[in-house]
Amino acid sequence: MQKLIKEYILKYLGGSGVEVPLEALDDAAVVDGIVLKSDSHTVKPLFFPGGDIGRLAVAGTVNDIAVLGAKPVALSLGLVLEEGFPIQDLERIVRSIKETCEEARVHVVTGDTKVVERGSLEGCIINTSGIGVRSEELERNLQVVKRYRRLKARWILDSNLSPGDKIIVSGAIGDHGLAVLSSREGYGFGSSIRSDVAPLNLVVSRILRVGGITAMKDPTRGGLSNALNEWSEKSGVGIEIYEEKIPVHEDVKAACEMLGIDPLDVGNEGKLLIGVVPEKAEEVLEELRRTKEGKEAQIIGEATREFKEVILKTAIGGRRIIPTPIGDPVPRIC
Ligand code: MG
């Protein structure tokens, strides 16, 4: 996917010169002070333990805007439905979109609906786009960072990480990918694993109020492995993470072992990866743990100048390089 985007899309569409452009390949773009993001969702099945395509669509866009430090304000909704798509399923999805919007305090303000002939897609595809604006919390957060070190960027970007920054994950990883996979394939462990899909903008504004956050990402496709490698590459730092600190639910761990999948490579839809100046790491962690979504948060590692890669320190003291996942161990989960 990275190769496809770089060689066939950026080649033609980069070069806008806006503040955070397409070629930054960050979670969202910034144009004249407005954060802009677009996502298409093709999850299969449309309804899965813990969520559905509607909740996923809203949360996905809201979270990509929030992790730049912006406040999401409005969404657009593009629905592509297959001819004969059950009206009760459509209603269930739109109701879920409404509920998730209420949770995130955003509104759908424009949209488009198309019907395509039977057999051209499996049920429905949803595109959500959204805009976000600068917030007081973001300004405050940046002031706190500057008490401890230099930071030129006006937004929370993948390229902002510096050696010494602590890395926090807001909770257990792998739940979403495994929940979708198991409900799709009918594995026996399906019932115990639920997707974490949730809008995180209110959690983000709480931790920005604490301050000191330099980088933030929702580790969706490619999981923690992909997100950490993007940070490492764009910030030009190495990242060391500690295996025993990474929260993984027991049933997810067992399912991953059975399927030969690394939970680090599995997508999440309700988790934050946070880079924070070391002086504020404990406070950000405490604030996260006071929220429903961040109860299991942990400091899992730190950025370093000692090496250039993402390195996992295993529980028994070994070290291994964590590469960007090749291919997708769990396709069609978002
Ligand atoms: Mg993202």
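Counting starts at 1 for both ligands and their atoms, in listed order.
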Checking one value in my table: which N/O/S atom of [X] lies closest to the Mg ion (ligand 1)?
| X | value |
| --- | --- |
| D218 | OD1 |
| D27 | OD1 |
| D64 | OD1 |

- prompt: Is R105 atom CZ crowded by more than 12 heavy atoms from other residues, nucleotides or ligands, each under 6.0 Å away?
  reply: no
message: Does atom CG (D32) have a neighbourhood of more than 12 heavy atoms from anything else shown, all under 6.0 Å?
response: no
task: Would you confirm whether H176, through its side chain, and I333, through its main-chain N or O, come within 3.5 Å as a donor-acceptor pair?
output: yes
query: Is it true that a side-chain atom of N141 and a backbone atom of G212 form a donor plus acceptor pair closer than 3.5 Å?
result: yes
